[in-house]
Amino acid sequence: MEARVRALKYKASEKRQTSTFTKAIIKKKIFNLLKNLFRYLFIIGMSYVLLYPILFLISNAFRDKVDLLDPSVVWIPKHFSIESFKLANEILGYANSMKNTLVILIPSVIIQTFVCMMVGYGFARFRFKEREILFGILLFTIIVPMQTIIVPLYVKFRHFDFFYIGRLIGIFTGKPLTINLLDTPWTFYILNAFGMGIRSSLYIFIFRQFFRNMPVELEEAAKIDGCGPFATFLRVMVPNATGAIITVMLFTIVWHWNDYYLSAMFFTDNLPLSVMLTILNERMNLLNNLVNANDIYLLRSSVLEAGCLMVILPLIVIYIIGQRYFTESIERTGIVG
Amino acid sequence: MNVSQTLKKFLPKRKMTLRQKEAMYGRLFILPWLIGLIYFFIIPFINAIYYTLTKIKLGDNGLEFTFVGFENYLYAFTKDPNYIRTLTSSIVNMLYQVPVVVFFSMFVAYVLRDGFKGRTFARTVFFFPVIIASGVVITILKENVMGDVNTAASGSTTLFRVENLRAILVNSGVPIWLGQFIVNTISQLFDLTWRSGVQILLLMAALHNIPKSFYEAAVIEGATEWEKFWKITFPMISPTLLVAVIYSIIDYFTDYGNYVMRMVVTQLNNGRFEYSTTIAIVYFGIIMIIILIVNKVIGRRVVYLT
């Protein structure tokens, strides 16, 4: 009798347990479902906000004159036209500006990445007394932007005199020897070569974080094999830093491409694309001999949007190709403080 | 190999301890940066401070400087009708924009963290602003697409119409300041999302660096999602949060859309070099102080694992 009762009790409790168990599973499932639903809603909404301007640009740039006045055209133009692109190309001088941009960009990116990598390695792997204080100064230079020192820099490049060598010569010849580096890409090359290019401090910081996480054994092995510090750096560290290099290169490409403040400061001719885009609006009346005045007024914003699209298109292509490496390597190297 | 051998030839043959050798090579590695720092940063910075104490005129042999003492600073603070106003409005805007940006990026990083279908697409889209937001394109976009108040762009649309929302909030008895805050935030949603690209990257990297074992232990102990977030995730990412906050502050202040920044650039374009430099230096002095305060206040609560 007693045994039966106990058996019944046991069965009941078992039943209760399984039911709470299934309940927990169901609860978890509902929670996950809601979480996913919410996540997708959020992502779709945010994608709309983030892609809206690009879609807007594309939609407007391809419109014909007729569509610009037609209120029934919302997203997809009824009459496709690439006239805006032709006009934007005319004002931007696309091929020439692109050439100017690349002349600045390609050497800059290579020099900047290499120099920052070297400095970052120096900060990460060697111990010397003044390291911490110098690193503090490096962080300080991230905060102080170019605008505060742009005028002295401008003067410096107008009468460029490397380490006062020209002035030294001047003592003998009577007139100090200076070179005008403005309007040449050398302004950028020199700044980058000395780790002072656009956002260089940030890249040094990223490389330092990356090299600090590299295993010491790599270096020790190289040392045993007879490598000096520079050989270790070039042969062991650089090939292993591909992730960080791609990240920094993408950043340098993007920020050099988008820079218009420094370029506008240092260049009066041979303007790169980004600067041309800023003055596109003012140059709209150059179109007078191509289209009549009324049309210019109509096409104004459409041409501007076509111009924007033409300027960012190469970047978007690079980004879409490189984004996998980019996001993954950032996650892996972790630009974390 | 060759580089270090040739270097050895030229360097003094003095006997050095291993430590000294290491220090020397370290200094050699950072030498380019150090030269650049002195030649292209510290000297120009001192020059800039000197400029603010002068009046600059374009003369026959380039620029001519006359020493005037603190006149430029006095002008900025007592005579210029715009400077103080734009400066204070910039700071006040920063005070509420930065927290919103940081919370938003934290939220996005948390949502994008674990694997789900379409994650690659989502990440591509969310990091999109990093590509575009730093350039001139964003300024044009803002003026053309968002219909910025300063320009009457034809055919522009407004993405977020909030006038009705304000009325609804006021009618439903929400305090006016809170309603204003909500309306302001929503009307700047575009701006905020476009500003948070780098912060999302930073926070996502931090989230990935948290050891999985921490969460496993917490699950065994029976922690809920809410507890897991506040007891593990939040303390673990707090150093990065500090970095994100400081980055947001710098990013906000150095943005070209910022009115003080615009003032600096316009004054420079008008040829008033000394005044432009003066307002820039005062401005960044103030940012420095704000960053130091923020660092002190938040830094105390940050948890470092090691």
Side-chain angles (χ1 to χ4, degrees), chain A residues 36 39 42-43 46-47 49-53 56 68 115 118-119 121-123 126-128 134 137 141 143-145 147-149 151-153 155-156 191 193-196 204 227-231 254-255 258 260 274 277-278 301 304-305 308 311-312 315 319 323 327 330-331 334-337, chain B residues 1 3-4 22-23 25-27 29-30 32-33 35-37 40-41 44-45 47-48 51 63 111 116 122-125 127-129 131-132 134-137 140-141 144-145 153-155 159 189-190 193 201-202 204-206 208-209 239-240 242-243 250 254 264 273 277 280-281 284 288 291:
Chain A
N36 274 332
R39 173 186 282 150
F42 177 74
I43 287 169
M46 285 314 301
S47 305
V49 173
L50 293 169
L51 293 179
Y52 178 88
F56 181 85
L68 288 170
V115 170
M118 210 171 107
V119 176
Y121 183 67
F123 270 120
F126 297 95
R127 259 165 295 151
F128 43 98
L134 284 178
I137 295 171
T141 59
I143 299 168
V144 179
Q147 278 81 357
T148 42
I149 56 166
V151 181
L153 264 188
V155 174
K156 194 155 239 156
L191 280 180
F194 289 100
M196 285 290 133
I204 294 174
C227 278
F230 290 95
V254 165
W255 275 320
N258 283 334
Y260 62 97
S274 54
L277 189 62
T278 55
S301 68
L304 196 62
E305 279 143 13
C308 272
V311 171
I312 52 172
L315 270 191
Y319 177 62
Q323 79 88 20
T327 52
I330 277 179
E331 278 171 15
I335 30 174
V336 195
Chain B
M1 198 69 180
V3 184
S4 55
E22 193 192 333
Y25 282 118
R27 289 184 190 120
F29 268 106
I30 66 160
W33 173 77
I35 295 170
L37 178 79
F40 295 108
F41 186 82
F45 197 73
N47 273 342
Y51 286 3
L63 299 174
V111 168
F116 57 92
R123 285 195 306 185
T124 315
V125 170
F127 300 151
F128 213 54
I131 305 297
I132 295 165
S134 59
V136 57
V137 174
I140 293 174
L141 274 179
N144 257 328
V145 182
S154 55
L159 188 51
L189 195 61
F190 179 83
T193 50
L201 277 182
L202 285 168
M204 248 174 82
H208 275 264
N209 282 354
T240 317
L242 178 63
V243 175
I250 297 168
T254 53
V264 171
F273 301 133
T277 319
I281 281 191
F284 292 109
M288 262 327 256
I291 289 174

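This is a predicted model, so every value here is computed, not measured. Chain letters run A, B, ... following the sequence lines, proteins first and then strands; every chain starts at 1.
- For A:Arg39, the side chain to side chain contact (heavy atoms under 4.5 Å, CB included) partners two or more places apart in sequence, or in a different chain, are A:Lys35, A:Asn36, A:Ile43, B:Val111, B:Asp114, B:Phe116.
- Considering only heavy atoms from C-beta on, A:Cys308 comes within 4.5 Å of A:Leu277 through its side chain.
- Proximity to chain B is limited to the side chain of A:Met196, based on heavy atoms less than 4.5 angstrom apart.
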*For ring pair (Phe, Tyr, Trp, His ring centres under 6.0 Å), just list the numbers for B:Tyr51 and B:Phe273, CA-CA rounded to whole Å, side-chain angles, deciding distance to a tenth of an Å, and then say yes or no.*
CA-CA 8 Å; B:Tyr51 286 3; B:Phe273 301 133; 8.4 Å; no
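- Only the side chain of A:Ile204 comes within less than 4.5 Å of a heavy atom of chain B; its backbone N, CA, C and O stay farther away.
- Using a 4.5 Å cut-off between heavy atoms, B:Leu37 touches chain A through backbone and side chain atoms alike.
- Heavy atoms of A:Leu50 lying under 4.5 Å from chain B belong to its backbone as well as its side chain.
- For A:Tyr121 and A:Phe126, the gap between ring centers is short of 6.0 Å.
- With a 4.5 Å cut-off on non-hydrogen atoms, B:Phe40 touches chain A through its backbone and its side chain both.
- For B:Ala23, the side chain to side chain contact (heavy atoms under 4.5 Å, CB included) partners two or more places apart in sequence, or in a different chain, are A:Phe128, B:Arg27.
- Contacts of B:Ile281 with chain A are made by both backbone and side-chain atoms, with heavy-atom separations under 4.5 Å.
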